[in-house]
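This report refers to the structure that appears directly beneath it.
First the proteins, then the strands, lettered A, B, ... as listed; each starts at 1.
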2 protein chains.
Amino acid sequence: MPRNRRPVPREEKREELLAAAAELFVVDGYEATSMTRLARRAGVTPNTLYWYFRDKDELLVAVADRFTDALLHEHASLTGRPLAAQLSWLIHRLRPVRHLVATMHGRVAVSDAVRTWHTGFHTTFEALFTRQLPGPIATDRRPAEIAVATFALEGAITHDLDDETTRQLCAVVADRLHHAATVATTPRPE
Amino acid sequence: MPRNRRPVPREEKREELLAAAAELFVVDGYEATSMTRLARRAGVTPNTLYWYFRDKDELLVAVADRFTDALLHEHASLTGRPLAAQLSWLIHRLRPVRHLVATMHGRVAVSDAVRTWHTGFHTTFEALFTRQLPGPIATDRRPAEIAVATFALEGAITHDLDDETTRQLCAVVADRLHHAATVATTPRPE
DNA sequence: ACCTGAACACCGTTCAAGT
DNA sequence: ACCTGAACACCGTTCAAGT
């Protein structure tokens with residue numbers, strides 16, 4: 001009865017488990033998805049999950065990775081469009097998984113795997129923003145300007161904003177970045 | 001042996017439990033603090049906690065409330081100082097409890113009590129920012145400008161930024177708000 | 001009203017055993 | 001190498017019983 005040594009290649013099986021995890025994590029949330037229920041959905045014993053993933057956090061990271069890959073791939077076709085439009089697209093694309101975004105942040109302090117992933121995620125998006133700008137930002141303020149843009153993006157994903165405010169937020173962030181990129185450094189007073 | 005009907009007034013006892021919860025939540029984190037351990041620290045049975053708080057989330061909210069009250073009280077003495085300085089103060093004051101901030105966000109989708117608290121927290125800080133500005137922001141962009149400032153603040157608390165970037169971020173956000181408050185609405189192109 | 005000791009239904013994870 | 005059934009040590013929460 002137990003189907004051991006199934007002929008399914010490892011990568012394929014892993015992908016099956018990942019697909020089940022992705023669906024449950026997004027629909028029901030990370031906390032509400034127990035390993036037992038997830039295993040049942042995937043048609044395996046809870047134990048089996050641990051053959052393919054170290055723990056639940058690594059499963060979460062793998063799901064996030066898969067999603068981010070797809071996101072960046074889709075985003076590639078948006079190059080050339082205004083930055084505000086790109087931001088708007090990203091926000092609407094990430095809103096459905098806002099719970100996962102919040103969960104990742106909550107687990108940064110708990111899991112090494114999540115912390116590492118989170119750092120990489122920010123590096124990716126900071127690079128993405130930097131690339132889109134018409135000119136280089138004055139070096140002293142660059143990290144802060146990019147950080148503000150990234151945090152605004154994260155905030156817009158994880159918080160409830162109406163459509164109009166979301167549009168304005170994209171415009172505000174894009175304006176700010178363009179301004180910082182095109183204007184020379186002005187020494188702040190005081 | 002069991003000390004029932006202790007003569008300690010309800011509010012005082014509640015405060016004791018709250019103090020224990022605050023310490024453990026901050027030092028060890030919310031998830032790492034089990035109700036059992038928390039009860040032991042406070043010198044009671046786990047059960048007793050439920051006499052004073054509906055559940056663990058309500059305990060979390062009560063801790064956050066206590067902290068926010070203290071924060072706003074201390075902040076009151078900063079009125080009149082530059083906005084960037086106030087931001088910097090808030091960030092450094094909130095960084096030690098960054099894990100709690102992240103936890104709150106993660107539980108917004110899980111707990112009604114947390115969701116309600118979170119909404120109130122944002123309302124408070126949006127009002128605080130609005131009050132500090134020299135002039136009214138053009139009404140159409142105001143919610144977005146305030147949202148960007150709030151999200152930047154949250155991001156700076158929950159993410160690792162070096163001191164210099166943190167300073168610059170405060171300056172960027174303050175600049176942005178002042179600019180939006182003093183300049184008339186400029187219709188965006190396109 | 002307040003508090004206990006004991007239980008309940010779970011949870012993520014691991015282990016001995018099978019093929 | 002892969003997978004199972006059964007267990008382990010917990011978890012948040014509740015309940016009957018005491019004062």
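Within the structure, a side-chain polar atom (N or O) of Thr48(B) is placed less than 4.0 Å from OP1 or OP2 of dT4(C). Between Thr45(B) and dC3(C) there is no side-chain N or O to OP1 or OP2 distance below 4.0 Å. In this structure, Lys13(A) reaches the dC3(D) phosphate: one of its side-chain N or O atoms is under 4.0 Å from OP1 or OP2. Phosphate proximity of dA1(C) to Arg10(B): absent, as no side-chain N or O sits under 4.0 Å from OP1 or OP2.
Taking atom CD on Glu58(A) and atom C1' on dT13(C), their separation rounds to 14 Å, with Å as the unit. Rounded to an integer number of Å, the gap from CG of Leu17(A) to C1' of dC3(D) is 12 Å. Between the CG atom of Asp57(B) and the P atom of dT13(D) there is a distance of 7 Å, given to the nearest Å. Distance Leu38(A) CG to dC11(C) P: 12 Å, rounded to the nearest Å. Rounded to an integer number of Å, the gap from Glu12(A) CD to dC2(D) C1' is 15 Å. For the pair Tyr50(A) OH and dA1(D) P, the computed distance is 21 Å after rounding to whole Å. Here the P atom of nucleotide dC11(D) and the NZ atom of Lys56(A) are 16 Å apart, to the nearest Å. One interatomic measurement links the two molecules: CG of Leu24(A) to P of dC11(C), which rounds to 13 Å at whole-angstrom precision.
Under a hydrophobic clustering in which Ile, Leu, Val, Met, Phe, Trp and Tyr are joined whenever their side-chain heavy atoms come within less than 4.5 Å, directly or via other members, Val110(A) and Val27(B) fall into different clusters.
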Query raised in the report: So what does the secondary structure string of DNA chain D come out as, 5' to 3', with Watson-Crick or wobble pairs under 3.5 angstrom, [ ] for crossing and | for pairs with another strand?
Result: ||.|||||...|||||.||
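Looking at Asp160(A) and Arg98(A), a side-chain N of the basic residue comes within less than 4.0 Å of a carboxylate O on the acidic one, giving a salt bridge.
Tyr52(B) comes within 4.0 angstrom of the backbone, heavy atoms only, and of no base.
The two atoms that bring Leu60(A) and Arg107(A) nearest to each other are CD2-CD, 4.1 Å, heavy atoms only.
Nearest-nucleotide positions on DNA chain C for Ala32(A) and Arg54(A) put Ala32(A) closer to the 5' end.
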Report task. Dump the intermediate steps for salt bridge (charged side-chain N to carboxylate O under 4.0 Å, His left out) on Asp69(A) and Arg66(A), then the final yes or no. Result -> CA-CA 5 Å; Asp69(A) 283 351; Arg66(A) 228 172 72 112; over 6 Å; no
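Note on ring orientation: taking the six-membered ring where Trp is involved, the planes of His122(A) and His159(B) are perpendicular (angle over 60°, cut-offs 30° and 60°).
Of the N and O atoms on the side chains of His99(B) and Glu31(B), not one donor lies less than 3.5 Å from an acceptor on the other residue.
Comparing dG12(C), dT13(D), dT4(D) by their nearest atom to the side chain of Ser34(A) picks out dG12(C). Closest contact between the side chain of Trp51(A) and the listed nucleotides dT13(D), dA1(D), dG5(D) involves dA1(D).
Contact check for Asp57(A) versus Val61(A): no side-chain heavy atoms found under the 4.5 Å cut-off.
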